[in-house]
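Structure first, then comments.
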Amino acid sequence: MEQSISMPSLDYHTLFIILIMNSAIVAVIWGGIALAYRDFHAARHWMAGSLLTCFGALLLLLQYSIGGAFPAVAGNFLIIAGFWLFYTGLLAFYGIKIYSILRQLVVIMSISLFAALAEYSNWLWLAAVHGLTYLAALVCMFIFLAARRHKSPGAYVCLVAVLLGIACQAYNLYLTLRISAKDIDVSYFLILYAYNFLVMQFSAGLLTFGFFILTIDALRKEVERLAGMDDLTGLPTRKRFNDVLSLADQQFKDNETPYALLLIDVDHFKSFNDDMGHRAGDVILKHFGKTVSSLLKVRQIMSRHGGDEFCILLPASTKEQAETLAKRIKDKLSAVPITVNTKPVFITVSIGIALRNSETPDTVDADIFDEADKALYQVKRNGRDSYAFYHAGVST
């Protein structure tokens, strides 16, 4: 039996106080994020997990003054439950439904609690039960993160933290087995356990840092998404549309990949605004955007270019496909009325279509928007509620 160790001992009181303070700070941060971003559900899980860890560490600190097995059992139970909430928060972050998983976690924690209470006076038994339950949470996090194909930097940080936590918890179980076999004495065990507990706190902090990186990355992507959307209709902005159009135009110049541009105006939209008010006009634009978007295929993109003017880009599309979509838009809008100020309103549109294909090689340097606009003007001049193509300077 090893009876001595040269390493200085650590004060468990101080370790618990550090854990309390760190968990409380992290809980406040996640609480602030949860309040600021109500739809970011992962923050609520991580806040709750940090609070449980804080209260659990507080109970572990109070065990020295209260005495008995209750503070140790309850404190470790709360900390372990906190780490399971870190796991559910990770699932929520990636959009995984967690209701059935929560029921499974309740069963796991109940079994762990009953097992701990069965031999609550045996501290080695408690250490083994708590260690195995804690290890299970870490292993679940590791399996989930490792299985994801596309990992962000935050996910890699979380993986490192979880691996460190697994190593520490496995070492705790190893120490528990050694002391139960009387290979080491209690003082030796407590010193090593304290150092391992300190490393565990570091791994928990690193895990939180990984969560923060994941959150920052997700919020940054959300800001970029919102910046590329029209506030009213939720459609891509003109800038984003032009970026996609530039790519389609370059593909046409490189290998003559055809594409089509549809320029659309809502007929008599000014009259809707004047007669029914601007709110009614907004309702009509939202209805138009939602209805027409439902007709588009993958890679096809629609943008609001201002007022009641919309553009649709059809990459790698023929004249026939553009005409088919124009007909479907007209038919869909005429078949689906919108209720404005308790009155059903049918929308008609005018559509100008410009093409880029092997039959239009002389238009490589021409402005496709100008061509679509001329075709649109021809439709309006002929009475609206129709569509027209632009060809060689003449709309038909």
Side-chain angles (χ1 to χ4, degrees), residues 12 15-34 40-63 70-93 96 98-99 101-117 126-127 129-145 157-159 161-166 168-169 172 193 196-212 214-215:
Y12 277 91
L15 291 176
F16 292 145
I17 291 173
I18 293 173
L19 182 56
I20 291 169
M21 294 177 63
N22 288 341
S23 300
I25 292 171
V26 171
V28 171
I29 294 174
W30 286 126
I33 294 175
F40 189 58
H41 301 298
R44 302 179 188 180
H45 292 257
W46 294 333
M47 178 191 69
S50 299
L51 285 174
L52 288 181
T53 302
C54 180
F55 290 130
L58 181 61
L59 284 174
L60 292 179
L61 180 63
L62 293 176
Q63 69 180 318
F70 170 77
V73 173
N76 280 289
F77 180 83
L78 290 178
I79 292 175
I80 294 169
F83 267 81
W84 279 109
L85 284 176
F86 293 158
Y87 170 58
T88 60
L90 197 61
L91 298 179
F93 176 84
I96 307 297
I98 61 173
Y99 299 108
I101 296 175
L102 284 175
R103 290 195 294 268
Q104 296 172 11
L105 295 184
V106 169
V107 173
I108 292 173
M109 293 303 297
S110 298
I111 294 174
S112 173
L113 180 61
F114 286 131
L117 293 176
L126 292 179
V129 171
H130 294 151
L132 288 172
T133 313
Y134 188 16
L135 186 61
L138 293 170
V139 169
C140 285
M141 277 192 271
F142 174 78
I143 293 174
F144 177 77
L145 287 169
V157 173
C158 290
L159 268 174
V162 170
L163 281 174
L164 182 59
I166 290 174
C168 288
Q169 200 54 51
N172 279 345
Y193 200 90
N196 207 43
F197 184 72
L198 184 63
V199 178
M200 282 293 297
Q201 288 199 43
F202 173 78
S203 70
L206 189 61
L207 181 64
T208 300
F209 183 62
F211 290 161
F212 284 144
L214 288 174
T215 301

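Keep in mind that this is a model prediction, so the values were computed, not measured. Numbers for residues simply follow the sequence, beginning at 1.
Contact annotation: the side chain of V26 never approaches that of W46 to less than 4.5 Å [non-hydrogen atoms, C-beta and beyond]. Side-chain contact between W30 and T215 is present, with heavy atoms from C-beta onward closer than 4.5 Å.
Between F86 and F83, the two ring planes are perpendicular [angle over 60°; tilted spans 30° to 60°]. Ring geometry for Y12 versus F197: interplanar angle of 30 to 60°, hence tilted.
Between L51 and A27, the shortest heavy-atom distance links the atoms CD2-CB, 3.7 Å. For the pair H130 and A72, the tightest heavy-atom approach, listed with the atom from each and the gap, is CE1-O, 3.9 Å.
A centroid separation of 6.0 Å or more is found between the aromatic rings of F209 and F202.
How far CD1 of I80 is from CZ of F77: 8.0 Å, rounded to the nearest 0.5 Å. Atoms CZ and CG, from F55 and L78 in turn, are 9.0 Å apart once rounded to the nearest 0.5 Å. Of the inter-residue distances, the one linking C140 atom SG with L90 atom CG reads 11.0 Å to the nearest 0.5 angstrom.
Evaluation of the side chain to side chain donor-acceptor pair (under 3.5 Å) rule for T53 yields no partner, not counting sequence neighbours.
For F142, the CZ atom is loosely surrounded, since the number of other residues' heavy atoms within 6.0 Å does not exceed 12.
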Any chance you could lay out the side-chain contact (heavy atoms from CB on, under 4.5 Å) test for L61 and L19, step after step, and finish with the verdict?
CA-CA 10 Å; L61 180 63; L19 182 56; over 6 Å; no

Apply the test side-chain contact (heavy atoms from CB on, under 4.5 Å) to residues N22 and T208: give CA-CA distance (whole Å), side-chain angles for both, the deciding distance (0.1 Å), then the verdict.
CA-CA 10 Å; N22 288 341; T208 300; over 6 Å; no

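Pairs of residues two or more places apart, or lying in two chains, that qualify as side chain to side chain donor-acceptor pair (under 3.5 Å) and include a residue from residues 78-93 are H45-T88.
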